[in-house]
Amino acid sequence: MAATLSRAVDVHCTLQPTSDSNRPFFLTSPLIRLPNRRRFFTISCSSSSSSRSPPKPPPDYEDIHPQNPSLSDQLKSLSTTLLNQTPQQAQLLTKPKSTWVNPTRPKPSVLNLQRQKKSQQHLYNPQVRDLKHFARKLDECENSEAAFMAAIEEMPHPPSRENSLLVLNSLRQWQKTLLFFNWIKTQKLFPMETIFYNVAMKSLRFGRQFQLTEDLAFDMIDNGIELDNITYSTIITCAKRCSLFDKAVEWFERMYKTGLMPDEVTYSGVIDVYAQLGKVEEVMSLYERGRASGWAPDHIAIAVLGKMFGEAGDYDGIRYVLDEMKSLGMQPNLVVYNTLLEALGKAGKPGLARSLFLEMIELGVTPNEKTLTALVKIYGKARWGRDALDLWERMRSNGWKMDYILCNTLLSMCADLGLEEDAERLFDDMKGSMTFKPNSWSYTAMLNTYGSLGNVDKAMKLFDEMSETGVEVNVMAVTCLIQCLGRAKRIDDLVRVFEFAMERGVQPDDRMCGSLMSIISYFEEGKDVDKVIALLQQANPELVSFIKLLEEEKTSFETIKEEFRGIMRATEVEARRPFCNCLIDICRDGNLHERAHELLYMGTVYGLYPGLHTKTPDEWRLNLRSLSVGAANTAFEEWMRTVTKVIEQKEELPKLFTASTGAGTHKLAQGLASAFESQVKRLAAPFRQSEEKAGVFLATREDIIAWAQLKAPSLAITS
DNA sequence: ACACTCCTGC
């Protein structure tokens, strides 16, 4: 759906160049030279069948460091030489200490933490029951210290260490946890150990109270209470849940520097933090380090890696994860399958996703709603409507579980593929079902189906139905309808729908503004444009002022630059490129070609068009796939201007010039190839549609030079 | 959730 409204946003794996001073501790250490990613894959592929510990270093590394120690040895020297720690601390590196090791089990190996199985006995233990009941009472009492102190008098059993822990761990409200924690602290019946802090932090994390969690940690440090792996992983995951990724990293580094070796849970948690920050290099280093020190990654770590590579659309990475599982002898579980399916979808491998799905069924793993949602998305994106609908049938006959997200994903896929009848059938099914009546997402998907097919009357009728049945009228649904009405040039209806939405309290967002702007760019000047501009004025007055400024001939480039920056700063990241595209279109429609070039320039400077232009000695490429028609034309002119300059200065040119517009499987992108073709024709430029690949245009150096000498001067003047 | 920490979809 998002892709329909603002042109498909490509996933760009942007690995930020990190300056050395900002690098994580484990990457800056001079003793450790971790393989870079490319090399990393080479290693893992060649040794995929053997055990991976210690990993074989890349060949050139051996050349440079003839006596290279294994990574785990390196880790050891890191701990003893760099960290200045006591022998006990050094011990921690090889024998991580868990506060809870079951003595009846064998001693844990390096990172293999034994976890305590939970027993069910408490259900029959009256004392436990009393204390849990008491905890419930505390939870329910008024949130004031006085009320709490009164309630605490009722504690049914003495506040011994064990009883206190039980109560502390049974409280649900973080406020109560904190009050109870402080109370047992002041009772001084026993010393406060690490576990009391850990349990309290768990509750604070549930309440998303990072600051208070951190305060507790500082309290531990002040009072000389040891922070263990559980403490650190709780702090880290709390930061993560509060989206404070930097804090998560900061605490991980702090742990590392104290010489504490991360255990399996902390590893997975931190790897996830780095993955969410898009720091692929850090993730791989940490993963490799863990592996080198004897860590056997579990399903969770594998899922985290799979998700990360999926987000980056990195198929090599996904392959690597699959190989890793094979070499670990690991059978994927449901979550891992789900993650990998989705990752394969994002990497554009629908066929492989389907085989993986079949494998999973073969092995008797029952798919859940998330599995099916992922598959429907993949099939939809691949335009395999039939497969997705077959899957739907299969779900119904097998009685696989359904939920809202799955239904709505199916509906949305129907919208993207223009499967009106199937969408209607599914929508009617939902209306007839007891559990999943259409909600605002369902209505939005349905509106999008009608809208993209230009079925304006059905869309309007459905919108009326939506507002009458009490389903929340959301900004997305309104945007779909507005887009549809705009394209049908039914501006008075559009205005009515907009005003109605405002009365219903809908908050216009950037995507809606983008829609309004794109409608503005469809029209010639006149009454209709003024009406849409008036709506944009209500939704985002700054944008209207900026458009006026663009149209003002005397506005200086400096001013445009300044204002453009302000606009983009205030715009959600995913809406920035569509905004810039629309603004360029508006300029071109208003014959403000130089302004369009200025906007494109600034868009490029702000990174809105990554990979627009790439060069190799043999080939120069222009990738127009995320651009609007106006922006694409502007970019092409700019490209040809550059080429002309290069020719004038008699510099090297490549043999081949390539411009890709995309084949247009996506409905909004469809026009780009033909628009490009007519632009090329208008300029008489020597680009020809490639015969092997749709949506790719080629020109040779000789043709370009001949053309540039004849025609190019006109580029600067007329366009 | 009788002592704890990590992962999946509109």
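Here is the naming used below: chain letters follow the sequence lines, and residue numbers restart at 1 for every chain.
Residue A:N125 contributes atom CG, which lies 7 Å from atom C1' of B:dC2 at whole-angstrom precision. Across the protein-nucleic acid pair, A:Q276 atom CD and B:dC6 atom P stand 13 Å apart, rounded to whole Å. In this structure, the CG atom of A:L406 is 12 Å from the P atom of B:dC10, given to the nearest Å. Atom NZ in A:K381 sits roughly 12 Å away from atom P in B:dC10 (whole-Å rounding). Straight-line distance from the CE atom of A:M360 to the C1' atom of B:dT8: 11 Å, rounded to whole Å. A straight line from CG of A:L334 to C1' of B:dT8 spans 8 Å, rounded to a whole angstrom. Between the P atom of B:dC10 and the CE atom of A:M413 lies a distance of 15 Å, rounded to the nearest Å. As rounded to whole Å, 23 Å separates atom P of B:dA1 from atom NZ of A:K137.
Residue A:I300 has its side chain nearest to B:dC6 when only B:dC6, B:dC4, B:dA1 are considered. For A:R241, the side-chain atoms get nearest to B:dC6 when compared with the rest of B:dC6, B:dG9, B:dC4. Closest contact between the side chain of A:T373 and the listed nucleotides B:dC4, B:dC10, B:dC7 involves B:dC10. Distances from the side chain of A:D403 to the nucleotides B:dT8, B:dC7, B:dG9 place B:dG9 closest. Distance from the side chain of A:S268 is smallest to B:dC6 among B:dC6, B:dC10, B:dA1. Candidate nucleotides B:dC7, B:dA1, B:dT8 were compared by shortest atom distance to the side chain of A:T339, and B:dT8 ranks first.
In this structure, A:E154 does not pair ionically with A:K137, as no charged nitrogen and carboxylate oxygen lie closer than 4.0 Å. Using a cutoff of 4.0 Å between basic side-chain nitrogens and carboxylate oxygens, A:D422 and A:R425 are scored as salt-bridged. Under a 4.0 Å N-O distance rule, the pair A:E250/A:K247 qualifies as a salt bridge.
With hydrogens and angles ignored, no donor-acceptor pair under 3.5 angstrom links the side chain of A:N368 to the base of B:dG9. You won't find any donor-acceptor pair under 3.5 Å spanning the side chain of A:T234 and the base of B:dT5, going by distance alone. Between the base of B:dC10 and the side chain of A:T409 there is no donor-acceptor pair shorter than 3.5 Å.
Ring orientation note: the planes of A:Y379 and A:W384 are tilted relative to one another, at an angle of 30° to 60°.
Among the heavy atoms of the strands, none lies under 4.0 Å from A:I302. Across all strands shown, A:E342 has heavy atoms under 4.0 Å from sugar-phosphate atoms exclusively, and none from any base. Among the atoms of the strands shown, only primed sugar atoms or phosphate atoms (P, OP1, OP2) are found under 4.0 Å from some heavy atom of A:D272. Residue A:N333 is classed as having no contact, given no heavy-atom separation below 4.0 Å to the nucleic acid.
When ring centroids are compared, A:F196 and A:W183 stay outside the 6.0 Å threshold. The ring of A:Y443 has its center closer than 6.0 angstrom to the ring center of A:F427.
Residue A:K307 places at least one side-chain N or O closer than 4.0 Å to OP1 or OP2 of B:dT8. Contact annotation: A:K377 side-chain N/O to B:dC10 OP1/OP2 distance is under 4.0 Å. Between B:dG9 and A:K346, no contact under 4.0 Å exists linking OP1 or OP2 to a side-chain N or O. Taking side-chain N and O atoms only, A:K132 has a distance below 4.0 Å to OP1 or OP2 of B:dC2. Contact annotation: A:R205 side-chain N/O to B:dC6 OP1/OP2 distance is under 4.0 Å.
The ring pair (Phe, Tyr, Trp, His ring centres under 6.0 Å) test with A:Y287 is passed by exactly one of A:Y267, A:W295, A:F309: A:W295.
Atom name C1', nucleotides B:dT5 and B:dA1: the rounded distance is 14 Å, in whole Å.
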